[in-house]
Amino acid sequence: MNQPRRVENLQTDKGRVPVYATGIVEQPWADYSAVDHDVWRQLYERQRQLLVGRASDEFLVAQDAMGMSPDRIPKFSELNRVLRDATGWELIGVEGLLPELDFFDHLANRRFPVTWWIRRPDQVDYIEEPDLFHDLFGHVPLLMNPLFADYMQAYGRGGVKAHGIGPEALVNLTRLYWYTVEFGLIRQQDGLRIYGSGIVSSKGESIHCLESTAPNRIGFDLERIMRTRYRIDSYQKTYFVIDSFEQLIDATEPDFTPIYARLATQESYPAGTVLESDRVYSRGTGEGWASDGDV
Ligand code: HBI
Ligand code: FE
């Protein structure tokens, strides 16, 4: 497997991240080795087993509708036929992380960038940057869900706008992506469930986010999220819980400009903060207000 081409590092609020060529690359499907396909199969089967009872109903329904197979790395061209019909989204192949504006512009045009290479066998439990498994298994299925598909396009449009406003607005908006698209939880009748891509593509965090007593689980609040910092190299200290995808869309309807202006005058919160005004859930059950200490 030929290695991805890194061209530079980008200073972001996540520190210096490797940034790749921003061009669209054809998925070199014929070049995937048996080891690559086996890494896909191993990760896919392990996560699918873990996620029943942990992932949101929408995620599991969407992933089944995608028709992905554990047997081999899916072909983007085959998935695009299904995805375009469902919500008008399409996958494009990329080298890896893109500069923010390139990424936002793709989302604003219903194109989701998927990294063409998959991690090595010795990286199955952790890889510091998004690879094909994180993108294809984690991000792509929910693009089959019309509400989430609309949210992702609206997010992209908001990102292009925030990029024009300035770096602070970008940091605020990136936090929204982080605490919803990457690490979001949703409340169902039968308890809290995962919809965030960073969680569903990680064995450890799929368990930790619902069952550990360590993290806070706080009801979704847009400005609270935009004020809250996050860590990229450990499990999250806080997960935000939406009641529905409709709530996500409604919250992101208004123009964010006045929110950015307000936030610019306020301190941001450390990742592990819990405020009096927070709606705190106990672990995993989603029964609303936590009893004392059962956070
Ligand atoms: N690039 N390919 C790719 N995939 C991402 O998920 C991604 C990105 N660039 C920037 C980015 N995500 C985050 O900073 C978002 O919050 C914008
Ligand atoms: Fe991601």
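Everything quoted here is computed from the prediction, not taken from an experiment. Side-chain atoms are counted along with the backbone in the values below, which use heavy atoms only and exclude waters and symmetry mates.
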Treating Ile, Leu, Val, Met, Phe, Trp and Tyr as nodes and any side-chain heavy-atom pair under 4.5 angstrom as an edge, say whether Tyr195 and Leu50 lie in one connected cluster. no

In this structure, which one of Phe148, Phe220, Tyr151 forms a ring pair (Phe, Tyr, Trp, His ring centres under 6.0 Å) with Phe245? Phe148

Start with the C-alpha gap between Ser77 and Asn80, add the side-chain angles, then the distance that decides, and say whether side chain to side chain donor-acceptor pair (under 3.5 Å) holds. CA-CA 5 Å; Ser77 54; Asn80 277 335; over 6 Å; no

May I ask you to say whether [X] pairs ionically with [Y], meaning some side-chain N is under 4.0 Å from a carboxylate O?
X	Y	answer
Arg48	Asp64	yes
Arg193	Glu58	no
Arg224	Asp278	yes

Exercise: do Tyr281 and Arg279 side chains pair donor with acceptor under 3.5 Å: yes

Please work out which of the three classes, parallel, tilted or perpendicular, describes the rings of Phe256 and Tyr260, given edges at 30° and 60°. perpendicular

Checking the side chain of Arg110 only, and the main-chain atoms of Arg84 only, is there a donor and an acceptor separated by less than 3.5 Å? no

Any donor and acceptor pair, going by atom type alone, linking the side chain of Trp40 with main-chain N or O of Asp71 inside 3.5 Å? no

Would you say Glu168 has more than 12 foreign heavy atoms packed within less than 6.0 Å of its CD? no

Yes or no on side-chain contact (heavy atoms from CB on, under 4.5 Å) for Gln63 and Phe137, after CA distance, side-chain angles and deciding distance? CA-CA 8 Å; Gln63 194 167 65; Phe137 184 94; 3.2 Å; yes

I would like to know whether Phe240 and Asn216 meet side-chain contact (heavy atoms from CB on, under 4.5 Å); could you show each step before the answer? CA-CA 8 Å; Phe240 285 92; Asn216 308 312; over 6 Å; no

What do you reckon, are the aromatic ring centroids of Tyr230 and Phe183 less than 6.0 Å apart? no

For the residue pair His139 and Phe112, is the inter-centroid distance of their aromatic rings smaller than 6.0 Å? yes

Kindly compute the distance separating CG (Leu136) from OG1 (Thr115), expressed to the nearest 0.5 Å. 10.0 Å

Using the rule side-chain contact (heavy atoms from CB on, under 4.5 Å), only one of Leu248, Thr180, Leu173, Thr252 pairs with Tyr155; which is it? Leu173

With Asp125, which of Arg46, Arg119, Lys203 fulfils salt bridge (Lys or Arg N to Asp or Glu O under 4.0 Å)? Arg46

Does the side chain of Arg72 reach to within under 4.5 Å of the side chain of Trp29, using non-hydrogen atoms? yes

